[in-house]
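Worth saying up front: this structure is predicted, and the values here are computed from it rather than measured.
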Amino acid sequence: MSAAPAPDPIVAIATAPGRGAIGIVRVSGAGLMPLAQALCQRRLVPRVASYGPIVDAGGSALDHGLALFFPAPQSYTGEDVLEMQVHGGPVLLQLLLQRCLQAAQESTPGGQPLLPRLRLARPGEFTERAFLNDKMDLAQAEAVMDLIDASTETAARSAARSLSGVFSAEIHALRDELVELRMIVEATLDFPEEELDVLQQHDVRGRLQQLLDALAGVRGKARQGALLREGIKVVIAGQPNAGKSSLLNALAGSELAIVTEVAGTTRDVVQQTIQIDGVPLHVLDTAGLRQTGDVVERVGVQRAWDHLENADAVLWVRDLTRRDAPDYAAADADIARNMAEKIPSGIPVQQVWNKADATDVLVQDADAIHLSARTGAGLDALRQRLLQLAGWQGGAGEGLFIARERHLQALADAAEHLQRAAALVSGAEPVLDLVAEELRLAQNALGQITGEFTADDLLGVIFSRFCIGK
């Protein structure tokens, strides 16, 4: 059988769009040294930065910069990789990109093009090749983008741990134990008369329980890692002039929303991402909830309800100074009824009584938080409550790895199959062929995380969300 043809060499600008001090153009593929010589007019020593001109077709310098050549397989993609670092002007980088494509068509001494199939890279194609060439597994490849997208220091450190293989190591440890259990169970299928003896001899029940316990620990850390990556959507709601915009400003530490004494100032959604103990929270200030004849404000109120129905948590801001006023209490009761009807039951609604600095009255509710958005009193208690609502376990950040929703689903599937296997083993008459199948399915679920069992269409979705040049 003939070997599969080598993939087309690819080229892309690897730095972010726009002006910058430095820009990078990256090429990956087989046999790049002739292209490097044509571009740099000198032979590059592998893995040694070489400063000098990078020339156009006529031999004039486009720019002077650094060129690095990484021969396969000791490179990011596992192929030959050429990187050229020049000044970061958009026009210059485009010229260098076109020069690479042009130089690829120049003839060798034998009359053949240097790299006849060189083309522009698709988004994420460099990292996809790194995965396909076993330079990293799928969880590590995803961590590359998570590290780039990290919105907090804790998220960045957790993504770096995933990229270094911490998450993958935990999955491999679970898989190795699972494989050993499969070997025991499947070997026993050939000797049905010895099933019970083998199960007891190898403590299959106990080992299954240990595996479930270990998996539960990984799932817990993965949920925390997913929280660091995604954060939660917190919607601030309440009547006009309850202090919703002031609360957003206080949480964000800047004047993001307009605050006035005029009711209905906020007519659209104002959003800001903040971080508390490294956890990103996407906080939305919405229009005051009330009946209004103003067409624009009515649209804002409807948008507020739309966001409330899709929130991860709701802060219901109420005004302590007006709580006993009949019209205010009636409007609050109307909001409460609408919240009960429109907000799904799984979304927590945290009561926040604002303007505590203007009155000595407190609401007798152990779950309510009293604060002053103006002075900042009570904000720390609210921040801690938000972390609780998010499901954050304080102090866990140092050992966490970043995780995605698909990882959580795969871990949940693995746990479900292991629980079924444990139930089958514990039955009066264990059905080992069914146990073996459940163990196989659990292993496949874990393999989806690292890419050992992954559909091609999933790979396309994952890598298409990367930057071009990464």
Side-chain angles (χ1 to χ4, degrees), residues 3 5-17 19-122 124-136 141 144 148 163 466-470:
D8 293 346
I10 53 175
V11 60
I13 298 171
T15 40
R19 297 170 58 192
I22 297 173
I24 298 175
V25 172
R26 174 184 287 169
V27 189
S28 180
L32 295 189
M33 183 57 84
L35 178 68
Q37 288 181 287
L39 293 167
C40 303
Q41 297 290 287
R42 59 194 183 276
R43 184 166 185 82
L44 302 180
V45 178
R47 292 175 293 280
V48 175
S50 173
Y51 178 78
I54 298 171
V55 302
D56 62 18
S60 299
L62 287 170
D63 195 9
H64 287 70
L66 294 178
L68 296 100
F69 178 68
F70 302 91
Q74 303 301 320
S75 70
Y76 180 74
T77 63
E79 303 170 331
D80 286 354
V81 170
L82 171 64
E83 288 193 358
M84 291 162 287
Q85 302 180 11
V86 296
H87 293 96
V91 173
L92 173 61
L93 291 172
Q94 285 296 330
L95 286 172
L96 181 52
L97 184 66
Q98 292 303 317
R99 171 61 183 142
C100 289
L101 294 168
Q102 180 189 47
Q105 300 305 315
E106 293 177 358
S107 297
T108 66
Q112 299 297 318
L114 295 180
L115 285 175
R117 301 191 313 276
L118 180 65
R119 59 172 175 79
L120 296 175
R122 301 188 307 271
E125 191 168 4
F126 290 93
T127 304
E128 182 179 12
R129 292 189 179 199
F131 165 70
L132 294 173
N133 291 328
D134 296 324
K135 304 299 291 185
M136 59 179 69
V144 171
I148 294 171
L163 181 56
F466 277 53
C467 314
I468 291 178
K470 196 62 186 176

S.K.: If we only count heavy atoms from C-beta on, is the Gln74 to Pro46 side-chain gap below 4.5 Å?
M.R.: no
S.K.: Output the distance between atom CD (Gln105) and atom CG (Leu115), rounded to the nearest 0.5 Å.
M.R.: 8.5 Å
S.K.: Determine yes or no for a side-chain-to-main-chain donor-acceptor pair under 3.5 angstrom, with Asp63 supplying the side chain and Leu92 the backbone.
M.R.: no
S.K.: When you measure from the side chain of Asn133 to the backbone of Lys135, do you find a donor-acceptor pair of N or O atoms at a distance under 3.5 Å?
M.R.: no
S.K.: Please determine whether side-chain contact (heavy atoms from CB on, under 4.5 Å) holds for the pair Ile54 and Arg99, giving the CA-CA distance in whole Å, both sets of side-chain angles, and the decisive distance to 0.1 Å.
M.R.: CA-CA 10 Å; Ile54 298 171; Arg99 171 61 183 142; 5.7 Å; no
S.K.: Roughly how far, to the nearest 0.5 Å, is CG of Leu68 from CG of Leu82?
M.R.: 8.5 Å
S.K.: How far does CD1 of Ile468 sit from OG1 of Thr15, to the nearest 0.5 angstrom?
M.R.: 12.0 Å
S.K.: Starting at SG of Cys100, measure out to CG of Leu35 and round the result to the nearest 0.5 Å.
M.R.: 6.0 Å
S.K.: Tell me the closest heavy-atom pair linking Leu66 and Ala49, and the distance in Å.
M.R.: CD2-CB, 4.3 Å
S.K.: Kindly determine whether Phe69 and Arg43 satisfy side-chain contact (heavy atoms from CB on, under 4.5 Å), including the steps that lead there.
M.R.: CA-CA 10 Å; Phe69 178 68; Arg43 184 166 185 82; over 6 Å; no
S.K.: Give the minimum heavy-atom separation between Met33 and Leu44, together with the two atoms involved.
M.R.: CE-O, 3.4 Å
S.K.: Between Glu83 and Ala67 (side chain of the first, backbone of the second, donor and acceptor by atom type, cut-off under 3.5 Å), is there such a pair?
M.R.: no
S.K.: Compare every heavy atom of Pro7 with every heavy atom of Glu79, then report the nearest pair and how far apart it is.
M.R.: OE2-CG, 3.4 Å
S.K.: So does Ser50 get a backbone contact from the side chain of Arg42, meaning a donor-acceptor N/O pair under 3.5 Å?
M.R.: yes
S.K.: Would you check if Val144 and Phe131 make a side-chain contact, meaning some heavy-atom pair closer than 4.5 Å?
M.R.: no
S.K.: So which heavy atom on Ala38 is nearest to which on Glu106, and how close?
M.R.: CB-OE1, 4.1 Å
S.K.: Determine whether a donor-acceptor pair (N or O, by modelled atom type, separation under 3.5 Å) exists between the side chain of Asp80 and the backbone of Ala30.
M.R.: no
S.K.: Over all heavy atoms of both residues, which pair between Ser75 and Phe70 is shortest? Give the atoms and the distance, please.
M.R.: CB-CB, 3.7 Å
S.K.: So how far is it from Thr127 OG1 to Ile148 CD1, rounded to the nearest 0.5 Å?
M.R.: 7.5 Å
S.K.: Just checking, any donor-acceptor pair under 3.5 angstrom between side chains of Arg129 and Ser28?
M.R.: no
S.K.: Under the side chain to side chain contact (heavy atoms under 4.5 Å, CB included) test against Ile10, which residue among Glu125, Arg122, Arg117, Arg26 passes?
M.R.: Glu125
S.K.: Can you give me the closest heavy-atom contact between Gly31 and Pro34, atom names plus distance?
M.R.: O-CD, 3.5 Å
S.K.: Treating Thr77 as the side-chain partner and Phe126 as the backbone partner, does any N or O pair qualify as donor plus acceptor under 3.5 Å?
M.R.: no
S.K.: With a 4.5 Å heavy-atom cut-off, do Leu120 and Leu101 have their side chains touching?
M.R.: yes
S.K.: From Asp56 CG over to Leu95 CG, what is the distance, rounded to the nearest 0.5 angstrom?
M.R.: 9.0 Å
